[in-house]
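Chain identifiers are assigned alphabetically (A, B, ...) following the order of the sequence lines, protein sequences preceding nucleic acid strands; residue numbering begins at 1 within each chain. All values derive from a computational prediction rather than experimental measurement.
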There are 2 protein chains.
Amino acid sequence: MRVAVDLFNRQGYDATSVGDVARELGLTKSAIYHHVPSKEHLLQSAVDEALDALTAALDAVSATAGLDAEQRLRAAVRSSVTVLVDHLPAVTLLLRVHGNTPVEKAALARRRGIDQRLADMVREAVDDGVLRDDLDPLVISRLLFGMVNSLVEWVRPGTDAAPLTDAVVALAFDGLTHGAHSPGRRPSNQAGSGSGRGTPR
Amino acid sequence: MRVAVDLFNRQGYDATSVGDVARELGLTKSAIYHHVPSKEHLLQSAVDEALDALTAALDAVSATAGLDAEQRLRAAVRSSVTVLVDHLPAVTLLLRVHGNTPVEKAALARRRGIDQRLADMVREAVDDGVLRDDLDPLVISRLLFGMVNSLVEWVRPGTDAAPLTDAVVALAFDGLTHGAHSPGRRPSNQAGSGSGRGTPR
DNA sequence: GTCTATACGCGGATAGAC
DNA sequence: GTCTATCCGCGTATAGAC
């Protein structure tokens, strides 16, 4: 499973043959088919892992008492990033499914359900007046979780999710101009170059 | 070309056969091969269109005199969205290339060059002190353009790029809390209202 | 559990008639 | 320019020996 999904993500599902998986494991195709009924079964297992984890994370957010709409949205974003990092191969594969087969169509259907729940959370936060209302909530939702999902393009397995989560939430909610995001007071002015940070790559 | 690239984007490049393209056109495979040397040539033409357009857009930003680092970054974001919408099928295909063949590897190499230029712009804007410096510029760049690139997942051909561009820039630079971006102040009493929302729908 | 051997279809690509 | 016919390799999947 692990080897297969990694190959699917590196080369694409359709471009990866069962022979590729076998070779990577030092086995033959037949050995694979002794343990797995079909190539597509591997795909299904992986996308189900991703969908189950995402659904559970959203359920947990919904079940948490005492959160207002903005807190729920922030929790949903944090959870999404955590699940994405924690189940990186599975989520990566899920996000690349096209819907060519019934299995893929079912995965896309479940995914649309999740996207819908996230979009609802955004809308509720906007309706609550805690978020800017000059943008379409649906557009906000798509951009926000498009940013989250784009993490699969560059995050490496084993990355610590916490700082990443902080960065995503900070950027999404406060933007990249320095405004009210620093602790305590509003910054008055930051003008002038060379603020002495040499952040390496 | 148009039909082929659309199919590539709907089904995936590897999952789309030349026969699929032919059928969609009401022709046979042979008719396709009379006009095109190979399936991969179709891919190359499309990704080249995307890469050329993106490169030209960045060149135009770089060539514009009198812009500071932040203005250049904003222009780069706007240009990227515009190119993405304007060349939606080609850019979509580009963003899904895996690097399995020499053609794809070359496309990825060019794309990395573009990503590098965008990352440099972000870093320059941060170094200039106009953007928040509590986040790694490289992370900012990846999240920012990950958000931009995620547009290919849901933008439809023929969409007007202008409002989309505004939304992306607004969200990216100002975030989704209402802060200093809109004239007039928002209601201030949201703090303790707790469960004061009757969820619509 | 893994192997060799194999069935069988579909994929990209070509030859040559019209 | 488009067709029919065809080549050939590789893909998924299975049978059956060890």
> Relative to A:Phe173, does A:Arg74 satisfy both conditions: NZ or CZ under 6.0 angstrom from the six-membered ring centre, and within 45 degrees of the ring's axis?
Replying inline: yes
> Going by modelled atom types, is there a donor-acceptor pair between the base of C:dT4 and the side chain of A:Thr28 at under 3.5 Å?
Replying inline: no
> A:Asp134 and B:His178: side-chain contact (heavy atoms from CB on, under 4.5 Å), yes or no, with the steps?
Replying inline: CA-CA 9 Å; A:Asp134 59 334; B:His178 40 222; over 6 Å; no
> Tell me: OH of B:Tyr13 to C1' of C:dG11, nearest whole Å?
Replying inline: 12 Å
> What integer distance in Å separates B:Leu25:CG from D:dC3:C1'?
Replying inline: 15 Å
>> How many whole angstroms separate atom CD1 of A:Ile32 from atom P of C:dT4?
In response: 14 Å
> Rounded to the Å, how far apart are B:Arg23 CZ and D:dT2 C1'?
Replying inline: 18 Å
>> Is A:His35 close enough to C:dT2 that one of its side-chain N or O atoms is under 4.0 Å from OP1 or OP2 there?
In response: yes
>> I need the CG-P distance between A:Leu7 and D:dG11, as an integer number of Å.
In response: 13 Å
> Can B:Arg110 and B:Asp48 be said to form a side-chain contact (heavy atoms from CB on, under 4.5 Å), step by step?
Replying inline: CA-CA 9 Å; B:Arg110 282 191 70 186; B:Asp48 280 348; 3.7 Å; yes
> Do A:Ser38 side-chain and D:dT12 base share a donor-acceptor contact under 3.5 Å?
Replying inline: no
> Of the nucleotides D:dT2, D:dA13, D:dA15, which has the atom closest to the B:His34 side chain?
Replying inline: D:dT2
> So which nucleotide from D:dA13, C:dT4, D:dT4 ends up closest to the side chain of A:Ser30?
Replying inline: C:dT4
> How close or far is atom C1' of C:dG11 from atom CG of B:Asn100, stated in whole angstroms?
Replying inline: 16 Å
>> Without decimals, in angstroms, what is the distance between B:His41 NE2 and C:dG12 P?
In response: 16 Å
> Does A:Lys39 count as lying over the ring of A:Tyr33, i.e. NZ or CZ under 6.0 Å from the six-ring centre, within 45 degrees of the axis?
Replying inline: no
>> Distance criterion of 3.5 Å, no angle test: do you see the side chain of B:Lys29 paired donor-to-acceptor with the base of C:dG12?
In response: yes
>> Nearest to the side chain of A:Tyr33, heavy atoms from C-beta on, is which of C:dT2, D:dA13, C:dA13?
In response: D:dA13
>> Expressed as a whole number of angstroms, how long is the span from A:Leu43:CG to D:dG11:P?
In response: 18 Å
> Ignoring hydrogens and angles, are the base of D:dT12 and the side chain of A:Ser17 linked by a donor-acceptor pair under 3.5 Å?
Replying inline: no
>> Assess, by modelled atom type and distance only, whether the side chains of B:Glu49 and B:His87 contain a donor and an acceptor separated by less than 3.5 Å.
In response: yes
